[in-house]
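Reading through the C-alpha cells given below for one structure.
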Amino acid sequence: MRQPEDTVIEAYDPNADILTIQADNLTFKGFTITGAGTNCSGISLYECNNCLIDNNKLFNDSMGIYIAYSEKNRILNNKIVKGSRGISIEQSNHNSIVSNKVSKCRYGIYLLNSKENRVSKNTVLENREYGLLLSASNGNTLSGNIVSDNSRGIHIGNSDGNTLSNNAISLNEVNGLFVCPRSDKNLVFNNYFNNTLNVEANNGTSNAYNNPKTEGKNIAGGPYIGGNYWAAPNGTGFSENATDADGDGIADERYRFETSYYIDYLPLVAYKPPEPVLPVANLSTSVPEGYALFSVQFTDLSKNSTSRSWDFENDGTIDSSEEIHVYTYSVSGIYTVNLTIANENGTDSKLVTINVEEENVTEVLPGSEPGTPEGDFSSPGNTDTTESQAEQAQD
C-alpha cells in the first residue's frame, strides 16, 4: 500500500489548482505536490473551516498553499520551495500558520485583507522580494519566526494592530522591517534584528517598539522583556555596543530610529549572566586536642552559605546546625569533624581532625606522698638516708 509520503501529485493542467478543498474538517497530510502554473496553487482552501494541512512538500508551484475566505484552519510543518507565493492568505481570519519552511519564492508568507491569524515558528529564507508581507491585515500575531536572507524581511503595509515578538530577523538585503506611514497601533518587541538597515519605521500613529519592562527571559538571554535587540552584520549595532551598568539586560540609553521619530525605550543588550556565588566552607576550633571528657567549641567561618550541618564524629548523623556549637567528647580517640554548607548554587565541606587523648595519671606508691615519683631518695620517709645523714653529723 502506498503511503502519502511516497505519493507525488503533479499538475495535469498547469493552468488549474492541483488540489482544491471546499469542505470543513478535512486533513491533508504527507504529500508532495508540484507543477501548478501561473496564479494557480498546489493546495487551495476556499471557504473552508477547521481543516489541517500538515507535513506536505510543495515545489515549483506558482502558489504553494492558498487560503481564501476560510477560518480556523491549521497549516503546519509544510515545506514550500520555488514559486511566486509560498503561503498566501486572503480574506481569511483566525488561521494558524505554524512551523512551515518557505524558501526561494517571490513572497514567502503573504497575508492580504486577513485578520487575527497566528503566524508562528516559521522559517522564511532566501525569498526574492519579501519574507513575510502584511497588506491591509489587522490584529495578526507574528512570533518566533526566522526571517533571514530575503530581499526584505517583514513588510507591514496599511495594516493596524499587529504584534511582532520573538522573531529573528537577520541578513535581509534591503531592510529587516518596513512599516508604512498608514500602519498604526502595531507593537514590535523582543525581536532580534541584525540587518544593514534594521527598521524603516515611518511615522504612523501609535506604533510601539517596546513593551513595559517585565520579568522574563528575553530574546538576547536577559532576565527582562522590554524592547528589541539591534545588531548589525559588521558588529556595530546599537545593542552590541550599548552599556548596561546594572546588568539587567536593558541598555542604559534609548534607541532612536534614524528614519522616524519612534524610539525603542528599552533596547536589549547581549546578556552575560553573573557568575554563580558558590559556598566556601571554613571553621575554627577552640583547641585541637585534649583529654577525655574534653569539650571543643566549633565556629562556622564559611562564606556565602544559607545552611550548615555539623557532624562531629563523621558518622553520617547531623549533630547541629548552629553557627557556634560546643561538643563534648566522652571517649578518647581521633575524630573527624565534617562541616557541610550549602546555598542555591551548590555545597561545600570542610574536614578537621580532633585528637582526644586519655589522661596520664601517675601511680602513687604506699608510704609516699601523692605526686612523688618512684625512686626519689630525697623524698621524706626514706629511713636509710636519714640515718646516714645522722652518722655523718656525729663524725
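These values consider heavy atoms only, across backbone and side chains, with no hydrogens, waters or symmetry-generated copies.
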Counting only heavy atoms not in [X], do more than 12 fall under 6.0 Å of its [atom1]?
X	atom1	value
N39	CG	no
Q91	CD	yes
R128	CZ	yes
Y12	OH	no

Indicate yes or no: at least one non-hydrogen side-chain atom of [X] is less than 4.5 angstrom from one of [Y].
X	Y	result
Y66	E90	yes
S120	T141	no
I75	I65	yes
L76	S99	no
N158	C180	yes
I250	L268	yes
N195	I169	yes
P233	N194	yes

Answer yes or no: is there a donor N or O on one side and an acceptor on the other, between the side chain of [X] and the main chain of [Y], under 3.5 Å?
X	Y	value
D184	S206	no
N218	G222	yes
N127	Y107	no
D348	A281	yes
S70	E47	yes
N117	N95	yes
D17	S41	yes
T236	N234	no
S349	T340	no
S137	N113	yes

Dump the intermediate steps for side-chain contact (heavy atoms from CB on, under 4.5 Å) on I21 and I53, then the final yes or no.
-> CA-CA 10 Å; I21 298 174; I53 308 300; 3.8 Å; yes

Could you go through the side-chain contact (heavy atoms from CB on, under 4.5 Å) check for F59 and T32 one step at a time?
-> CA-CA 8 Å; F59 64 94; T32 298; 3.6 Å; yes

Which is it for N50 and D24 under the side-chain hydrogen bond (donor to acceptor under 3.5 Å, both in side chains) test, yes or no, and what are the steps along the way?
-> CA-CA 6 Å; N50 299 306; D24 298 340; 6.0 Å; no

State yes or no: do [X] and [Y] share one hydrophobic cluster built from I, L, V, M, F, W and Y residues joined by side-chain heavy-atom distances below 4.5 Å, directly or via other members?
X	Y	result
L164	V124	yes
V352	V296	yes
L19	I9	yes
Y327	I334	no
I80	F28	yes

Working for ring-ring contact (aromatic ring centres under 6.0 Å, His included), residues Y329 and Y335 = CA-CA 9 Å; Y329 294 93; Y335 296 89; 4.5 Å; yes

Nearest heavy atoms of [X] and [Y], plus distance in Å:
X	Y	result
I87	V102	CD1-CG2, 4.1 Å
I263	R254	CG2-CB, 3.7 Å
N140	L134	ND2-CD2, 4.3 Å
L301	S284	CD1-CB, 3.7 Å
N122	N100	OD1-N, 2.8 Å
A201	Y209	CB-OH, 3.3 Å

Atom pair [atom1]/[atom2] of [X] and [Y] - distance to nearest 0.5 Å:
X	Y	atom1	atom2	answer
L132	I146	CG	CD1	13.0 Å
I89	L133	CD1	CG	11.5 Å
L26	N49	CG	CG	11.0 Å
I318	S309	CD1	OG	4.0 Å
S96	R74	OG	CZ	8.0 Å
N78	F31	CG	CZ	12.5 Å

Aromatic ring proximity Y229/F193, centre distance under 6.0 Å =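 No, the ring of Y229 stays outside the 6.0 Å limit from the ring of F193, centre to centre.
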
Between Y265 and Y255, ring centroids under 6.0 Å | no

Under the ring-ring contact (aromatic ring centres under 6.0 Å, His included) criterion, do W230 and F257 qualify, and how do the steps go?
-> CA-CA 11 Å; W230 305 101; F257 297 166; 5.4 Å; yes

Derivation of the side-chain contact (heavy atoms from CB on, under 4.5 Å) call for F312 and V337 = CA-CA 4 Å; F312 296 114; V337 178; 3.8 Å; yes

With a distance cut-off below 6.0 Å to the six-membered ring centre and an angular limit of 45° from the axis, does K213 pair with Y224 as a cation-pi contact?
->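 Checked: cation-pi criterion met.
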
Mark yes or no: R152 above the aromatic ring of Y130, with NZ or CZ under 6.0 Å from the six-membered ring centre and no more than 45 degrees from the axis.
-> yes

Check step by step if side-chain contact (heavy atoms from CB on, under 4.5 Å) holds for C51 and T27.
-> CA-CA 6 Å; C51 291; T27 295; over 6 Å; no

Can you label the angle between the W310 ring and the F298 ring as parallel, tilted or perpendicular, going by 30° and 60°?
->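 Rings of W310 and F298: tilted, as their planes differ by 30° to 60°.
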
For S170 and N172, what are the C-alpha separation, side-chain angles and deciding distance, and is it a side-chain hydrogen bond (donor to acceptor under 3.5 Å, both in side chains)?
-> CA-CA 6 Å; S170 63; N172 297 287; 5.7 Å; no

Indicate whether the side chain of N343 and that of N304 have a donor and an acceptor atom separated by less than 3.5 Å.
-> no

Which of these passes side-chain contact (heavy atoms from CB on, under 4.5 Å) with N186: L142, N207, T163, L177?
-> N207

Between N55 and N77, is a side-chain hydrogen bond (donor to acceptor under 3.5 Å, both in side chains) present by the stated rule, with each step listed?
-> CA-CA 5 Å; N55 199 33; N77 305 306; over 6 Å; no

Is the closest basic N to carboxylate O distance between D300 and R308 below 4.0 Å?
->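 Looking at D300 and R308, the cut-off is met.
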
